Number of protein chains: 2
Amino acid sequence: MFAVDPQRPLTRPALAVELTDLIRGLILEGELRPGEKVPEKALTLRFGVSRTPVREALKVLAAEGYVRLVPNRGAVVAEPTLAELEEVFPVIAALEGAAGELAAERAGDAEIAEVRRLNDAMHAAYRSGDRPRYFELNQQIHAAILAAARNPTLRQQHKLVADRVRWARYQANLAAARWQAALDEHDAIIAALEAREGERLGRLMKSHLEHKLEALRGALGGEER
Amino acid sequence: MFAVDPQRPLTRPALAVELTDLIRGLILEGELRPGEKVPEKALTLRFGVSRTPVREALKVLAAEGYVRLVPNRGAVVAEPTLAELEEVFPVIAALEGAAGELAAERAGDAEIAEVRRLNDAMHAAYRSGDRPRYFELNQQIHAAILAAARNPTLRQQHKLVADRVRWARYQANLAAARWQAALDEHDAIIAALEAREGERLGRLMKSHLEHKLEALRGALGGEER
DNA sequence: TGACGCAATAATGAATTCATAATTCAATCG
DNA sequence: CGATTGAATTATGAATTCATTATTGCGTCA
């Protein structure tokens with residue numbers, strides 16, 4: 001007797017879908033760099049597929065903003081700019097603010113405890129000056145709050161936008177004062193989450209992102225003068 | 001002598017790009033209906049193109065959420081559900097709230113005057129019971145505020161999400177009390193915009209959308225029982 | 001030496017073909 | 001008559017080919 005196993009479909013994702021993820025990964029990891037032509041032929045050789053699914057994947061990535069399609073010249077990896085940050089951060093702030101509000105209503109107690117644990121670990125990383133570890137935990141806290149919001153559309157839209165400015169994540173070499181302030185903001189965020197105060201949580205998350213943009217302005221604005 | 005006209009490039013958009021827009025239009029207009037298979041062959045005949053750009057367009061539309069790709073069965077127009085509304089409306093509310101805040105800072109006086117004019121026209125439509133006209137003007141007010149925010153990314157993300165629930169726009173056959181309340185909310189929104197009070201404007205826009213979702217719950221919840 | 005023109009080569013966009021999966025239809029069996 | 005099976009037909013996903021555009025390299029000229 002065969003039982004239908006919904007967890008294991010007998011079909012595999014279309015090549016175009018897989019390639020979209022793979023190529024997006026190459027861009028996010030920096031292997032395909034901003035401003036560079038996407039080497040369509042090299043990708044076919046690398047992944048052992050025909051040009052068709054590669055081209056389909058590039059159309060999707062263009063719609064997501066990862067690449068620009070230039071007529072008769074192919075695809076170019078999109079170049080992030082400070083101007084883009086100025087546009088994207090308010091969007092991220094709005095989405096994370098909304099996520100915070102929803103998370104305050106919907107998070108399970110275990111999820112809140114996990115966010116507290118992550119925050120404590122982030123404090124430890126701060127004290128030992130371990131920036132990479134701090135950033136990693138920072139990401140996990142934001143991701144946990146987004147997950148606790150239980151709104152897949154919100155999460156998806158957030159990911160779509162946030163991934164495009166991932167490159168900026170490590171550009172703000174945090175000055176000591178800003179680093180301490182960011183930590184304090186996280187503390188206030190966690191406290192609001194634990195108290196399940198959605199409106200306050202949403203507001204705090206929004207302003208946290210706004211402060212981050214200001215720090216980035218300082219860091220990147222200085223570099224470009 | 002030939003002058004370079006940047007408004008008229010000598011290349012035309014790729015077929016795939018055009019077809020993406022055309023097919024999205026067919027979906028939004030209801031010609032391709034939710035749950036229906038996308039007739040790939042019929043589209044090639046209709047538009048006089050090969051299958052390749054049609055398939056590329058469908059990949060993009062799948063990434064945007066307009067269709068679902070079912071392996072070996074092709075694309076099916078996505079079916080909106082009440083559950084989707086519950087997810088999407090908080091996202092729209094967050095984005096419109098953010099747009100309101102930015103618009104309060106960035107709108108030109110002429111733009112604010114135009115929003116006031118649209119609001120006045122909407123009052124007239126209300127008094128004469130002209131619902132289609134009312135809805136049209138309603139849309140124009142929201143669009144004007146989004147434009148005044150001067151954030152293309154925000155606008156794009158909003159469009160991406162809002163278009164997917166366009167079908168719900170006319171489903172809430174407004175009860176008299178809710179209709180009056182909606183109008184009052186618009187008045188408060190315009191007043192905040194004119195006073196350039198960003199935070200209040202953002203909050204009002206958010207709650208306006210939240211009330212709209214509640215009305216839709218009533219309207220659609222009733223239908224599905 | 002730099003500019004120009006032309007041919008060859010490579011890249012791009014789209015059409016067509018091929019291989020596979022799904023669906024439909026007809027015949028057979030219980 | 002309903003269920004099953006197998007063949008024929010259709011649809012789908014991907015590979016290949018074709019037509020067009022862009023780029024490169026080379027020769028010629030001022």
Side-chain angles (χ1 to χ4, degrees), chain A residues 1-2 4-6 8-24 26-27 31-33 35-64 66-78, chain B residues 1-2 4-6 8-24 26-27 31-33 35-64 66-78:
Chain A
M1 307 302 305
F2 294 108
V4 176
D5 182 359
R8 191 175 303 227
L10 293 182
T11 61
R12 47 171 305 185
L15 276 186
V17 173
E18 286 193 58
L19 287 166
T20 303
D21 292 338
L22 287 169
I23 297 169
R24 192 192 296 110
L26 295 181
I27 293 169
E31 186 167 337
L32 290 176
R33 286 178 288 158
E36 282 188 353
K37 285 250 336 259
V38 178
E40 187 177 292
K41 180 166 181 181
L43 291 175
T44 64
L45 297 174
R46 179 180 181 145
F47 297 119
V49 296
S50 75
R51 287 173 55 220
T52 308
V54 170
R55 292 164 53 75
E56 289 173 352
L58 289 176
K59 299 294 194 293
V60 172
L61 290 169
E64 293 181 353
Y66 287 94
V67 301
R68 282 184 300 109
L69 298 176
V70 187
N72 290 313
R73 286 166 179 71
V76 178
V77 179
Chain B
M1 309 300 307
F2 294 107
V4 175
D5 183 358
R8 192 176 302 230
L10 293 182
T11 59
R12 48 172 303 186
L15 276 185
V17 173
E18 285 193 57
L19 288 165
T20 303
D21 291 338
L22 287 170
I23 297 169
R24 192 192 297 109
L26 295 180
I27 293 169
E31 186 166 338
L32 289 176
R33 285 180 287 161
E36 281 187 355
K37 284 250 335 259
V38 179
E40 186 178 292
K41 181 166 180 178
L43 291 175
T44 63
L45 296 175
R46 178 178 181 150
F47 296 119
V49 296
S50 76
R51 288 172 55 219
T52 308
V54 170
R55 293 166 51 74
E56 288 174 352
L58 290 176
K59 298 294 191 293
V60 172
L61 289 169
E64 292 181 353
Y66 288 93
V67 302
R68 281 184 301 108
L69 298 176
V70 186
N72 290 313
R73 286 167 178 72
V76 178
V77 179

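These numbers come from a predicted model, not from an experiment.
- B:Asp21 is listed as a side-chain neighbour of B:Arg24, based on a closest heavy-atom distance under 4.5 Å.
- At the heavy-atom level, A:Val54 lies nowhere under 4.0 Å from the strands shown.
- For the pair A:Arg55 CZ and D:dC18 C1', the interatomic distance rounds to 13 Å; values are reported in whole Å.
- Under 4.0 angstrom from either OP1 or OP2 of C:dA15 there lies no side-chain N or O belonging to B:Arg51.
- One distance of note links CD1 of A:Ile23 with CD of A:Glu40; it measures 9.0 Å at 0.5 Å rounding.
- For B:Lys37 and C:dT24, the NZ to C1' distance is 13 Å, given to the nearest whole Å.
- Protein atom CD of A:Glu40 is 12 Å distant from nucleotide atom C1' of C:dA14, rounded to whole Å.
- Rounded to whole Å, the distance from CG on A:Leu69 to C1' on D:dT21 is 16 Å.
- Between the P atom of C:dT20 and the CG atom of B:Asn72 lies a distance of 12 Å, rounded to the nearest Å.
- With the nearest nucleotide of DNA chain C identified for both A:Gly74 and A:Thr52, A:Gly74 has the one nearer the 5' end.
- Within the structure, every side-chain polar atom (N or O) of A:Arg73 is placed at least 4.0 Å from both OP1 and OP2 of D:dT21.
- Note on A:Lys59: every side-chain N or O is 4.0 Å or more away from OP1 and OP2 of C:dG13.
- Within the structure, every side-chain polar atom (N or O) of A:Lys41 is placed at least 4.0 Å from both OP1 and OP2 of C:dT12.
- With rounding to the nearest 0.5 Å, the separation of CG in B:Leu61 from NZ in B:Lys59 is 11.0 Å.
- Residue A:Glu56 contributes atom CD, which lies 13 Å from atom P of C:dA14 at whole-angstrom precision.
- Scanning all heavy atoms of the two residues, the minimum distance from A:Leu19 to A:Val54 falls at CD1-N, 3.8 Å.
- The side chain of B:Ser50 places no N or O atom within less than 4.0 Å of a non-bridging phosphate oxygen (OP1 or OP2) of C:dA14.
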